[in-house]
Student: 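One structure is given below, represented as structure tokens, and several questions about it will come after.
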2 protein chains.
Amino acid sequence: MYYESVMQREVKTMENTELREALQSLKSTKVRMTPQRHAILEFLFNCESHPTADDIYKALEDKFPNMSVATVYNNLRVFKDAGLVRELTYGDSSSRFDSNTSDHYHVICDSCGKIVDFHYPGLDEVETLAEHVAGFRVRSHRMEVYGTCPDCIKAQAH
Amino acid sequence: MYYESVMQREVKTMENTELREALQSLKSTKVRMTPQRHAILEFLFNCESHPTADDIYKALEDKFPNMSVATVYNNLRVFKDAGLVRELTYGDSSSRFDSNTSDHYHVICDSCGKIVDFHYPGLDEVETLAEHVAGFRVRSHRMEVYGTCPDCIKAQAH
DNA sequence: ATACTGATTGTAACCATTCTTATTAAGTAA
DNA sequence: TTACTTAATAAGAATGGTTACAATCAGTAT
């Protein structure tokens, strides 16, 4: 328990640092800071999961009773264009958003949709290959692993 | 020119083989073959690109003037469930479908959306890592590289 | 032939996302 | 502070891809 709370605090601190950096980097562009934007960014950076636009909307409707869904979408696009946020599109209907733009990947559960982050180095080689094979100027890549999460494995076994 | 036509014929032959195999594997399940299904499969397997459901619908409306869009979607799902076809979901609105289910990846142009296939071996290691890190039972993975295609590089340079 | 199973059609509904317009808030310079 | 300029928000309507549903149709087996 103690260990966990320490972890929590560390994570929180790290995220707040990232949030501060994000706010700073927005200031350097011509993007205005507004209460709504701050709240959306704060939620995303303190969020362990990968929320949909609607998740964010619902999470903030207490604080901003009359915020529009369009505002959430607009600002997510602003953040995405600024490189602060990544959009993840899977087969299911709605996009998910991820504040952690550092190199990491996702493992996704086929049956419950849970998303777990993991780190893996050195896929630069793939980018280089693609660059040569296709003649593209490569910018980034995306990778996901699909499978069944521990909980669902247990559930399926009864 | 001669060389190209030989290439074309080879590709065509290969694809028809794959189509035949696909038809065969459908026969082994309890999926009925219908003219619409045959046409959709044939189009997908002879198609160099990665069409949307609507692309397929439009391409076949001459042959099947009263085919429904629903039929295209229904059958794409049937083929997907049978493992003959892969669904690709990117940021843009509509899914794309890919008949080539062998291990290959895509390079996608950020500005025009062009999709180019390329092959890369040995991402099994990533699956294994994810399995250990997250405790998942891993089934598959997906990877894409994003960048600018040669045409768009040229266009941007004026 | 009859009944059964599954496929197709056409349309309506759904839902995520974007557009439009009026209004409001933020930045700026005097 | 005040007035001005510009961008952001809200609300709701519109868009567009996808799916659900009910009715009809085709193929197959008894």
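Letters A, B, ... are given to chains in the order of the sequence lines, protein chains preceding strands, and every chain is numbered from 1.
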Student: Take atom CD1 of B:I40 and atom C1' of C:dT9, then tell me their distance rounded to the nearest Å.
Tutor: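 It is 13 Å, rounded to the nearest whole Å.
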Student: To the nearest angstrom, how far is A:L76 atom CG from C:dT17 atom P?
Tutor: 9 Å
Student: Got a second to check how far A:S49's OG is from A:D117's CG, nearest 0.5 Å?
Tutor: 10.0 Å
Student: Are OP1 or OP2 of C:dG6 and a side-chain N or O of B:N74 less than 4.0 angstrom apart?
Tutor: no
Student: Could you give the CG-to-C1' distance, from A:N75 to C:dT18, as a whole number of Å?
Tutor: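 That distance rounds to 14 Å.
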Student: Starting from C1' on C:dA7, measure out to CG on B:L41 and report it in whole angstrom.
Tutor: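 Roughly 15 Å, once rounded to whole Å.
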Student: Among C:dG10, D:dG12, D:dT18, which is the nearest nucleotide to the side chain of A:A70?
Tutor: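 Nearest to the side chain of A:A70 among the choices is D:dG12.
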Student: When rounded to the nearest 0.5 angstrom, what distance separates CE in A:M143 from CZ in A:F118?
Tutor: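 Between A:M143 CE and A:F118 CZ, I get 4.0 Å after rounding to 0.5 Å.
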Student: Between atom OH in A:Y57 and atom P in C:dC15, what is the gap in whole Å?
Tutor: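 After rounding, the gap between these two atoms is 16 Å.
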Student: Provide, to the nearest angstrom, the distance between the CG atom belonging to A:L60 and the P atom belonging to D:dT9.
Tutor: 12 Å
Student: Name the closest nucleotide to the B:T71 side chain, picking from C:dT8, D:dA10, C:dG10.
Tutor: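 Nucleotide nearest to B:T71's side chain: C:dT8.
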Student: Nearest to the side chain of A:R32 - D:dA11, D:dG17, D:dA8?
Tutor: D:dA8
Student: Kindly point out which of D:dT18, C:dG10, D:dA20 is positioned nearest to the side chain of B:R77?
Tutor: D:dA20
Student: Using a 3.5 Å distance criterion without hydrogens, assess whether the side chain of B:S94 forms a donor-acceptor pair with backbone atoms of B:T52.
Tutor: no
Student: Among D:dA8, D:dT18, C:dA7, find the nucleotide with the atom closest to the side chain of A:R37.
Tutor: D:dA8
Student: Among the clusters formed by ILVMFWY side chains lying less than 4.5 Å apart, do A:V116 and A:Y120 turn up in the same one?
Tutor: yes
Student: For C:dA7, does the base pair up with any side-chain atom of B:T34 as donor and acceptor (N or O, under 3.5 Å, distance only)?
Tutor: no
Student: Can you confirm whether or not the ring centre of A:H141 sits under 6.0 Å from the ring centre of A:Y105?
Tutor: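 Yes, they do, as the ring centres are separated by less than 6.0 Å.
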Student: Does any N or O in the side chain of B:E131 come within less than 3.5 Å of the main-chain N or O of B:V138, such that one atom is a donor and the other an acceptor?
Tutor: yes
Student: Figure out the CE/P separation between B:M33 and D:dA26, and round it to whole Å.
Tutor: 18 Å
Student: Would you kindly give the CE-to-P distance between B:M67 and D:dT24, to the nearest whole Å?
Tutor: 22 Å
Student: Across the strands shown, which category fits A:S95 at heavy-atom distances under 4.0 angstrom: base, sugar-phosphate, nothing?
Tutor: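 A:S95: backbone/sugar contact only, no base atoms under 4.0 Å.
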Student: Looking only at side-chain atoms of A:S93, point me to the closest of D:dT9, C:dG10, C:dA16.
Tutor: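 Output: C:dA16.
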Student: Given C:dT9, D:dA10, D:dT18, which nucleotide is nearest the side-chain atoms of B:S94?
Tutor: D:dT18
Student: Can you check whether A:Q36 has a side-chain N or O nearer than 4.0 Å to OP1 or OP2 of C:dA25?
Tutor: no
Student: Regarding B:D54, tell me which of base, sugar-phosphate or nothing describes its non-hydrogen contacts under 4.0 Å with the strands shown.
Tutor: nothing
Student: Which one, C:dA16, C:dT9, D:dA10, comes nearest to the side chain of A:Y73?
Tutor: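 Nearest to the side-chain atoms of A:Y73, counting from C-beta on, is C:dA16.
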